[in-house]
Amino acid sequence: MAALLRSARLLKFSPSGVLQITGTKRVGPSLSRLYSGAIHSGTRTGVCSRQISPASQNVSRYHAALGCVRSYTVATQEKEANMAVRSKQAQQFDWALAKLDSSVRRTGRITKTLLLRIFHDICRAGYPSSNQALLLLRSCGSLLPEIRLEERTKLAHHMWEKLQQLGAQYDVSHYNALLKVYLQNQFKFSPTDFLAKMESANVQPNRVIMMSLYVLYFTFLLFFLSTILGFMKSKDLPITEAVFSSLVTGHARRGDMENAKNILSVMRGAGMEPGPETYVSLLTAYAEKGDMDGLKKTLETAESADCSLMDRDIMQVIFTLAKSGHEQYLPEMIERLRLERNYIPDAMNLCLSLITQGLEDTAFQVLKTMPALQSENSDSPQMGSFFLRHCVNMDTAIEKITSYCKELKESDLHTSPLIFTLSCALDAKKTDMSLKLMKILKEQDFPIRPHYFWPLLTQHVKDNNVSGVLEVVKSMQQFDVSPDVDTLNKYILPVFSDLEAAQQALEVIQNALCVCKFIPQTKPHSLCVGVCVFPFCLEAVSFFLYNLIDSMSAAEAQAQKDKLRKYFNQLQTQNIFISVNIYRGIRNLLESYHIPELSKVHSLTAKSFSPNSKVLALERRLAELKAENKPLDFVLKQTIQAVCAEENLQRALELKQQHEEEMTAGCYATLINLCCRQDNVEEALNLKTELSRKDSSVVLDAGKYIMLVKTLSLNGRVDEAVEMLKEMKEKEVVLNDSHVGMLFHLLNSVVIKGGPSAVQQLQDTIFALGLAKPSANLCSPLITAYLNSEDLSGAVDAVQECQRLYKYLPRLHDILVGLVEKGDTDLLQKAIDFVSQERGEMTMLYDLFFAFLQTGRYREARKIIETPGLRAKPGRLQWFAEKCIFANQMETLEQMVDMTAKLFECDRDELYSYILRLCKETNDWKKAEAVWMKMQEENVIPRERTLRLLASILRSNGQEVPFEEPEVKSPSAYGMLKDAHEKGVAVSAGTYDHLIRSLLAEGSIDAAMAVKDIAASHMPGFRLSNNANSLLIITLSKKDEAKDALENLKSMLQAQNVPSKLTIIRLVQALGRKGDVAAINEVQSLVAGLGTNLNLSNMLFINNTALAHIKSGDVDSAVELLKDVYTSPDSKSPSMSFVFRRIIEEANDTALDKLSAMAEQLANHFAFYRPVLDLFLQLLDNDKVEDAKLLLAVSMSVGKINTLTSLIPNFAGKDVLYSYQMKCHCLDKDLSAAKALHEQMQKEGIVADELSLKRLAVLYRNAGEPVPFIEPQVSLTHKRFDSTDEQKTLH
């Protein structure tokens, strides 16, 4: 083999394609081809994974590489001084990764500017890691279609050398990346030299890189097919479709088209059906020869073989035809493009590659196929902007560019192509092209403005190039353009040494001399206070004011105090407000200058409250009140609630019997709830009847009614349950989100005992009465009932009815799985046809894919996922992966990951991490190792979290970690400390303390305590510092070791040390999570006895005490505690957002039900709106928008909403608010509302932005009314950035 390699000194590799063209929305194979009945045993055959070419992997395979981080080098000993830098660099690399990932997701490519920016940032840090080097090298290939091939390779070599100089460690993955870049860039190189270079670096080629070299080698040197295949078998190399594809290309390059075509027969003889990759290789070979007949026959063969060729395959043929000089065949091939889904970004990449190769006319033909896919609502088309920009960058002849612009304009594909091209030329600093375009525009009576020349002047000013500036000024004069004040001050005058020199040089321009005479010659730092405020720069006013005061000394501020006061007054009179953060900065500055009277500061204080007593104390209090003949209402209610919390129904009924006259509606409600919990339906109904007889106006809350309905249903009294639901409607009982959750659990509980009919009856009643809105959750119990009874036909009919009535498809996956397992193809076809019609083909395909996977029908699943046009849906893939992990289904999960290898925008690292997670749970290190090899073969670069997970699996099983594990700072420092002690090096107490704090900051308590023991053994009397003690308590609290944390706090206080504020907060929160009310009270007492004010809010203890009650199941005590806080006469309306956030995060419906009822009661009865506001905001923060809306509807009127709005005083962002309102009106096509809003803005003196006016103008035109103002020339399309940037540059 070595001799053969030496015989080919220089080989020129060319990729079999240029772009990875994404898929289509075409319908996949019919169900009859995908499914053949129920599951049966036997071998499964699958379709070979598709690999069009290394250069075609822009979006699918290479996208996975960009979404991750990898390093293969063995970990080396690093100096402690470098570790902080490397840690910081890992964070910077995450940013770079995100930027590249975003670019590839959106466009399938990256820009040279972004790549170089990341490269320079990494080099500037000075310690490039293997991860970063790998990412940069991989980005120098086909992901840069806008860069010439030789420039890409040159860039790769430059990065390789520079990063190596900076200390980057290269391993086999880096050489593999460089090899693939050579392939994608068609670079000539010697395989023997390449292998020798690896050998000299002591890097052994692995199976992946040898496979690549073999395939590339066979592409050009062919002897005997049997010899080649035999050699690969002897080396245990898989003979894949890529090998046969290379053989096709090799025969074609030698002019042997007959044998190239015969490779298809050889594949079939080897039991492998030719796939798209092989056909594309053959088509590309015919395209290079200009053999149109061969092209047509091959396309017919592929179609007859049921091999689906997508637009991206045809685009590779188009590129090859154009590059080979066979332009006469291009129209026929372009007609074969079907404009599939995702066609536009792929066609854009093809156009860019063609322009880069100097084939602009072909690129323009492809461009003209794209407009049909643009939005019909586009009123300002901008098609071709990317095309024109790249033509400018590639220095395309100005005549060609103007002809393209003319055709785009005449075809209404672009509103202002010449103006946009000028903008691109100015951005690229192409002076000659810019001036020629300006000349053409001026001939068309387009006004040339001074700021058009700013980009041309910028570099001259930076280089202090006087002659260059004067040349541009002369060009301005040729266009009869005079420099304005901004042009002179920013782009002309700075190059001159003084004003006199500028006047002499600019004598040729009459207006310039006039302006120069008025330039103030004052000292640059002289103070000049004045007011110049515009509606669009309120933020600038804030920054100006802060920087003005910050630039003063204390003496200057004292001297200018009157002017500053005057300025503040003027701002106030003009209704201009400074943002809170900047105001705080200004206030601090004024205080430091000893003039605090210019700002006003208010402080708030809070008072503490005591918690409620327990059951025994309540009963004693109740007896005392009865003996004193005093009212028992409130105490009786508290007592019954406390007894019911202990589930003591007998005692609760005894209390009712003893104090029947004093029983309130709340007491009855509590008792009814307890009866329902204990399934005592008769007693619950008796209590309800007794309550109605006592006071017919009293209405139970929704929670109690639902409990009654559930109890009746479970006891077979469904008709009575329905009547109870009707009573809820008659009495106008309002349900919130937690009540809807209770309805779901109610229906689900009826499934087993009542069956489909009972569930259907209750569900129909709930929806018909409008007690709750239909949802997938509420509809699912009915499907569950059918599935439990094995009535799949009824389940299909029920789910179709749910979709027709409510637009939901509950438990569709389970239905499809059941149908596949049963082998009922007719019913399955009926189900998927319905899903496709209602939800679209993409949803149907994923549903069917998951059903086949779940049932082991892998061949059918592969055909589904390879449907052209299908793209990755991360949420759906994650859902199924989590399902497999939960059920320990390794084979199913592996099959899903393998089948999605070519799926567009599929995050491969994410999918492989799911397999590793399951390996971790099953402790299967051999499977994890196999996954690692597969990731390398697929060129996936894992994220650091994946590397850590894999390393953990291998290390825990005593296996060697075959890559450089991401560094962790503290353990290395701990190791260095142990080494220092072994060598007898003295370590100071401060060093011990610093290391302990570092370990605690990372959560390494055991290591920190080990260091403490070492310190104590070497330094008797060693004690932790205040900061270290505080950090220890915080770390213990975060790990929910609250008991140990409390003991450490006591020890700290005994040593006369004062904990930090954050220490107390974290400890109290941990105790709240544990449900330890007594410990929270103890901490509060300890803090009160400190004698030092830690500035702790009393709500810290109240909120966490409430959470502790909730954790221990005593929700009523929490409610009473919080209610007492808000109903206290001196209450300052403190916040309880923390409580709401915690119970929402923990999905504690019972607590949320009671606390939300308390908040509504406080708002409606006591006019305390803070709890409702806190709940409202927390619902929004947790994306529960509908619940938030319902809360407003239930508990607030318009007046109360205005009261809530008043809690945000001096709201200064009305311009932003109104712009969003205008957008909403326009989306709703509500012209009257939009008119009214515009009139309101005019009355309030708020200037509408151009985008709002544009939207309003479109509404006027669509309604056939004249536009009563000058319509701004801005775009409303998805290319708004291009349009707005153009307007800013050219007007």
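Numbering starts at 1 and runs along the sequence shown.
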Check whether Q959 reaches the backbone of N957 with its side chain - one donor and one acceptor, N or O, closer than 3.5 Å.
yes
Contact summary for L137 and A177, nearest pair of heavy atoms
CB-CB, 4.4 Å
Does some side-chain heavy atom of I915 sit less than 4.5 Å from a side-chain heavy atom of M890?
yes
Spatial distance of atom CZ (R955) from atom CG (L950) [nearest 0.5 Å]
10.0 Å
Got a donor-acceptor contact below 3.5 angstrom from the D311 side chain to the L337 backbone?
no
Compare all side-chain heavy atoms of L350 with those of F319 and state whether any distance is below 4.5 angstrom.
yes
Begin with the C-alpha distance, continue with both residues' side-chain angles, and end with the deciding distance and a verdict on side-chain contact (heavy atoms from CB on, under 4.5 Å) for D313 and Q316.
CA-CA 5 Å; D313 304 318; Q316 293 185 48; 4.3 Å; yes
With a 4.5 Å heavy-atom cut-off, do M844 and L816 have their side chains touching?
no
Is there a donor-acceptor pair under 3.5 Å between the side chain of R152 and the backbone N or O of L144?
yes
Could you list the donor-acceptor pairs under 3.5 angstrom formed by side chains in residues 880-889, with sequence neighbours left out?
| residue | atom | partner | partner atom | Å |
| --- | --- | --- | --- | --- |
| E882 | OE1 | R917 | NH2 | 3.0 |
| E882 | OE2 | R917 | NH1 | 2.9 |
| Q889 | OE1 | Q854 | NE2 | 3.3 |

Could you walk me through whether L870 and E841 satisfy the side-chain contact (heavy atoms from CB on, under 4.5 Å) test, starting with their C-alpha distance in whole Å, then the side-chain angles of each, then the deciding distance to 0.1 Å, before giving a yes or no?
CA-CA 9 Å; L870 201 62; E841 184 181 352; over 6 Å; no
Taking side chain as C-beta onward, heavy atoms only, is L143 less than 4.5 Å from R138?
no
Side chain of S139, backbone of L135: donor and acceptor closer than 3.5 Å?
yes
To the nearest 0.5 Å, atom CG of L809 lies from atom CD1 of I783 at 9.0 Å
Between T892 and Y858, the two heavy atoms sitting closest are OG1-OH, 3.5 Å
Aromatic plane relationship, Y846 with F850 - under 30° parallel, 30 to 60° tilted, over 60° perpendicular:
tilted
Can we say D824 and K830 salt-bridge, meaning some charged N sits less than 4.0 Å from an Asp/Glu carboxylate O?
no
Name all residues meeting the side chain to side chain donor-acceptor pair (under 3.5 Å) criterion together with D833; count only those two or more places apart in sequence or in a different chain, and write none if there are none.
Q829
Looking only at atom types and distance, does a side-chain atom of S353 sit under 3.5 Å from a main-chain N or O of N349, one as donor and one as acceptor?
yes
Can you list the steps and then say if D907 with R943 is a salt bridge (charged side-chain N to carboxylate O under 4.0 Å, His left out)?
CA-CA 11 Å; D907 188 339; R943 297 181 177 91; 2.6 Å; yes
On a heavy-atom basis, which atom in S304 and which in T301 lie closest, and how many Å separate them?
OG-O, 2.8 Å
With the side chain counted from C-beta on, respond yes when M899 and F852 share a heavy-atom pair under 4.5 Å apart, and no when they do not.
no
Separation between CE of M935 and CZ of R908, rounded to the nearest 0.5 Å
9.0 Å
Side chains of W932 and Q936: does their closest heavy-atom pair fall under 4.5 Å?
yes
Indicate the atoms forming the closest heavy-atom contact of L179 with F194, along with that distance.
CB-CZ, 3.9 Å
Quick one, R336 with L299, criterion side-chain contact (heavy atoms from CB on, under 4.5 Å). Give me CA distance, side-chain angles, the key distance, then yes/no.
CA-CA 11 Å; R336 289 181 175 270; L299 287 170; 3.5 Å; yes
Nearest 0.5 Å, please: how far is NZ in K863 from CG in L848?
12.5 Å
d(R862 CZ, D898 CG) to nearest 0.5 Å is 5.0 Å
Quick one about R109 and S142 (side-chain donor to acceptor, distance below 3.5 Å, no hydrogens or angles considered), yes or no?
no
C919 and A928: which non-hydrogen atoms are nearest, and at how many Å?
SG-N, 3.7 Å
Straight-line distance of I815 CD1 to L787 CG, nearest 0.5 Å
5.5 Å
Any heavy-atom pair between the side chains of L819 and V796 that's under 4.5 Å?
yes
Could you walk me through whether Q184 and C140 pass side-chain contact (heavy atoms from CB on, under 4.5 Å), step by step?
CA-CA 9 Å; Q184 294 169 2; C140 294; over 6 Å; no
Ignoring hydrogens, what is the shortest heavy-atom contact between C906 and L911? Give both atom names and the distance.
SG-CD1, 3.3 Å
So E273 and R268, do their side chains get closer than 4.5 Å, heavy atoms only?
yes
